[in-house]
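Just below is one structure, and these are the notes that go with it.
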Amino acid sequence: MHNINFIRENPTEFDNYMKQRGEKPISNKILELDKVKRETQTVLQNLLAERNSISKTIGKLKSEKKDASAEMKKVDEIKNKISNLKELEIIKNEELNTILTRLPNIPHKSVPIGSDENNNTKYREWGTKPSFDYKAKTHYELGEDLGLMDFETASKLSGSRFVILKNQLSKLERAIANFMLDKHTNENGYTEYNLPFLVKDDSLFGTGQLPKFGEDLFTAGDNHWLIPTAEVPLTNMVREEILNQNQLPMRFTSYTPCFRSEAGASGKDTRGMLRQHQFTKVELVSVVEPQNSEQELERMLESAESILKDLNIHYRVMTLCTGDMGFSACKTYDIEVWLPGENNYREISSCSSCSDFQARRMNTRYKLENKNIFVHTLNGSGLAVGRTLIAILENYQMPNGNIKIPEVLKKYLNNSDTLI
RNA sequence: GGAGAGAUGGCUGAGCGGUUGAAAGCACCGGUCUUGAAAACCGGCAACGGGGCAACUCGUUCGUGAGUUCGAAUCUCACUCUCUCCGCCA
């Protein structure tokens with residue numbers, strides 16, 4: 001949600017920011033609605049004040065057993081005007097909100113300007129690509145050849161974009177999740193939560209998925225939605241709260257399934273388990289004071305990177321350009337992991353600062369010297385577990401089709417050296 | 001699923017239809033006292049919005065939405081949520 005004061009004072013600048021994010025200029029319309037709304041409100045409030053004071057007089061007269069019929073007649077006349085103006089104010093306010101709740105966050109100054117992923121810039125990279133004497137296999141070739149990854153049966157159960165992991169691969173998924181959670185809670189300073197996977201629409205509004213992106217989500221009836229990411233429940237834990245300064249920064253982590261309809265991705269990544277309707281992810285969320293959010297984003301990125309460093313898998317970090325960022329983000333780093341089987345980099349984490357954008361939607365503030373200030377929220381994957389599993393398969397594959405176990409995961413897998 | 005109770009400020013918790021935006025306590029902030037701290041005492045302390053350069057002023061808000069009334073935290077209706085008991089159940 002946007003600060004209407006900022007738009008009032010910087011309409012051209014606002015339009016410019018929106019243009020960078022692929023929106024049309026709209027400040028004119030916003031300011032016009034805002035003006036009408038405020039004028040209506042002023043007139044309305046004067047009438048309300050008049051009604052209130054006459055009502056008080058009536059109360060006084062009645063308690064003195066005097067005649068109040070003249071005053072009551074006066075109020076009666078005002079009442080009609082009031083209800084008309086009230087209606088108008090509500091309409092204008094709704095029109096304004098419809099616009100304001102559907103505009104994306106303003107990008108941070110340091111974000112490269114551009115329309116799509118081609119304008120993303122490389123922030124840094126780590127490690128080197130492994131080399132193979134043969135054509136590296138894809139994760140689904142490896143998984144299926146080992147008999148541990150089953151797309152056919154999954155589609156019998158649930159349709160396309162689902163997978164079944166069996167035996168050692170199922171255990172590997174658990175090992176990865178445990179390793180990530182241990183790392184983030186023991187070394188990176190996050191507190192672990194076990195969360196609801198169903199949320200109400202208020203929560204999805206708070207983090208920005210609703211009202212605009214409902215078609216990307218699965219519903220579960222009764223005003224419940226399946227979470228597309230743990231960001232939603234984690235961040236909304238502080239919705240409608242006024243926090244104390246000494247509670248900040250807050251750092252949360254959680255391992256949850258994520259459910260996405262992938263409505264806009266038909267035909268994309270249909271092979272393998274890269275893009276599924278259901279996947280698991282370890283999520284990181286921070287709630288911080290505004291002046292600390294830039295630094296917190298770097299910290300969060302490093303926390304996510306620490307997982308891949310420990311796994312010793314090559315990756316690069318991209319700074320997303322204005323046109324490629326998510327709705328709520330003001331700045332986003334994507335971590336792209338190297339997948340030898342694909343011969344390509346693929347997103348495995350996305351770390352975003354949402355500045356005060358979600359905080360305004362959620363009305364989350366903290367007390368600072370008797371003032372209530374909107375917090376800044378950040379979220380990042382640390383990491384997507386399914387895609388980490390893919391990365392391990394492809395990077396740790398051996399010529400015979402078996403998989404080496406990364407050093408840090410051994411203790412989670414009976415100290416085995418290889419998958420089977 | 002059946003029966004009942006409830007929802008008030010950061011928290012706990014009072015509140016006959018008419019200075020109740022709301023008692024009291026806690027928390028918090030400032031001060032006195034103290035070598036320092038604690039205690040005690042004094043003072044301050046809801047949010048959001050409109051108008052105004054400002055002092056300030058007006059409006060809205062007691063779960064949400066309608067209604068009754070000149071006037072609603074207080075009365076009526078619907079909805080949401082929470083809790084208790086019973087039943088069912090991982």
Side-chain angles (χ1 to χ4, degrees), chain A residues 1-9 30-97 99-101 194-206 210-211 219-225 233 236-248 250 257 287 289 356-375:
Chain A
M1 190 77 106
H2 289 286
N3 181 357
I4 186 79
N5 276 320
F6 177 82
I7 306 175
R8 282 179 196 151
E9 284 158 26
I30 292 172
L31 293 184
E32 174 62 26
L33 278 169
D34 181 49
K35 194 176 147 215
V36 174
K37 190 197 96 177
R38 278 198 289 172
E39 284 168 357
T40 310
Q41 205 172 358
T42 305
V43 179
L44 173 65
Q45 290 185 355
N46 288 337
L47 287 173
L48 287 170
E50 199 179 336
R51 183 203 66 187
N52 289 346
S53 88
I54 296 176
S55 287
K56 243 172 217 178
T57 315
I58 292 173
K60 212 176 281 172
L61 288 172
K62 289 216 164 177
S63 70
E64 294 166 3
K65 308 266 187 208
K66 289 181 185 164
D67 176 51
S69 55
E71 281 74 12
M72 287 171 74
K73 201 169 178 185
K74 242 198 290 189
V75 172
D76 221 39
E77 285 166 27
I78 299 177
K79 274 178 86 178
N80 267 329
K81 290 190 201 163
I82 287 179
S83 69
N84 287 340
L85 284 170
K86 210 176 211 168
E87 208 168 309
L88 183 64
E89 194 211 1
I90 289 169
I91 290 168
K92 290 299 161 190
N93 206 22
E94 273 173 7
E95 282 178 39
L96 191 58
N97 271 337
I99 296 173
L100 289 177
T101 56
N194 199 306
L195 299 164
F197 307 147
L198 299 181
V199 293
K200 302 198 293 177
D201 46 17
D202 290 345
S203 295
L204 289 156
F205 178 84
L210 290 180
T219 48
D222 287 338
N223 190 23
H224 279 133
W225 305 73
N236 276 280
M237 287 201 292
V238 296
R239 178 157 49 97
E240 287 154 45
E241 298 283 339
I242 299 177
L243 305 164
N244 282 324
Q245 191 187 13
N246 62 20
Q247 291 175 269
L248 303 176
M250 292 173 155
V287 180
E289 295 185 68
D356 63 0
F357 188 80
Q358 293 179 325
R360 286 177 183 280
R361 292 177 153 250
M362 297 191 298
N363 206 14
T364 303
R365 293 155 293 169
Y366 77 105
K367 268 278 187 242
L368 182 66
E369 289 157 7
N370 266 330
K371 291 182 107 174
N372 295 322
I373 317 255
F374 287 113
V375 297

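Order of the sequence lines fixes the chain letters, A, B, ..., with proteins taken first and strands second; residue numbering starts at 1 for each chain. Source: prediction; values computed, not measured. Note: hydrogens, waters and symmetry copies are ignored here, and every other heavy atom, side chains too, is used.
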Please report, rounded to the nearest Å, how far the [atom2] atom of [N] is from the [atom1] atom of [X].
X         : N      : atom1 : atom2 : value
Glu39(A)  : C58(B) : CD    : P     : 22 Å
Ile373(A) : G10(B) : CD1   : P     : 16 Å
Asp76(A)  : U69(B) : CG    : C1'   : 11 Å
Lys92(A)  : G50(B) : NZ    : P     : 18 Å
Gln45(A)  : G49(B) : CD    : P     : 12 Å
Glu71(A)  : U69(B) : CD    : C1'   : 17 Å
Leu48(A)  : U60(B) : CG    : C1'   : 9 Å
Leu47(A)  : C70(B) : CG    : C1'   : 15 Å

Please state the [atom1] separation for the pair [N] and [M] - nearest whole angstrom.
N      : M      : atom1 : answer
A22(B) : C16(B) : C1'   : 15 Å
A14(B) : C75(B) : P     : 16 Å
G17(B) : G71(B) : C1'   : 8 Å
A78(B) : U68(B) : C1'   : 15 Å
C42(B) : C33(B) : P     : 16 Å
U61(B) : G65(B) : C1'   : 14 Å
G63(B) : A73(B) : C1'   : 12 Å
G21(B) : A72(B) : C1'   : 14 Å

Check: Arg365(A) main-chain N/O paired with Asn372(A) side-chain donor or acceptor under 3.5 Å
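No; judged by distance alone, with no hydrogens or angles, the pair does not exist.
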Side-chain (Asn3(A)) to main-chain (Asn5(A)) donor-acceptor, under 3.5 angstrom:
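A pair under 3.5 Å: yes.
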Taking OP1 and OP2 of [N], is either one under 4.0 Å from a side-chain nitrogen or oxygen of [X]?
X         : N      : value
Lys200(A) : U64(B) : no
Arg51(A)  : U60(B) : yes
Arg8(A)   : G50(B) : yes
Arg38(A)  : G49(B) : no
Arg365(A) : C48(B) : yes

NA contact type, [X], heavy-atom cut-off 4.0 Å: base, sugar-phosphate, or nothing?
X         : result
Lys56(A)  : nothing
Asn372(A) : sugar-phosphate
Lys73(A)  : nothing
Asn52(A)  : sugar-phosphate

CZ/Arg360(A) to CG/Leu100(A) distance, rounded to the nearest 0.5 angstrom?
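Between Arg360(A) CZ and Leu100(A) CG, I get 11.0 Å after rounding to 0.5 Å.
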Consider the side chain of Ala49(A), meaning its heavy atoms from C-beta on, and name the nucleotide among A46(B), G59(B), G71(B) that approaches it most closely.
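Comparing A46(B), G59(B), G71(B) against the side chain of Ala49(A), the answer is G59(B).
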Ser55(A), nearest nucleotide to its side chain (from A46(B), C70(B), G50(B)):
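Minimum distance to the Ser55(A) side chain belongs to C70(B).
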[N] pairs with, by Watson-Crick or G-U criteria that keep both distances under 3.5 Å:
N      : answer
A27(B) : none
A55(B) : none
A7(B)  : U80(B)
C85(B) : G2(B)
C75(B) : G67(B)

Would you indicate whether Lys367(A), at its atom NZ, is surrounded by more than 12 heavy atoms from other residues, nucleotides or ligands within a distance under 6.0 Å?
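Atom NZ in Lys367(A) is packed in, count exceeds 12.
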Taking CG in Asn194(A) as the centre, count heavy atoms belonging to other residues, nucleotides or ligands within less than 6.0 Å. Is the count above 12?
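It does not: Asn194(A) CG has 12 such atoms or fewer within range.
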Distance-only side-chain donor-acceptor flag, Tyr366(A) / Gln247(A), under 3.5 Å:
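The answer is no; no qualifying pair exists.
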Run Lys86(A) and Glu89(A) through salt bridge (charged side-chain N to carboxylate O under 4.0 Å, His left out) and show every step you take.
CA-CA 5 Å; Lys86(A) 210 176 211 168; Glu89(A) 194 211 1; over 6 Å; no
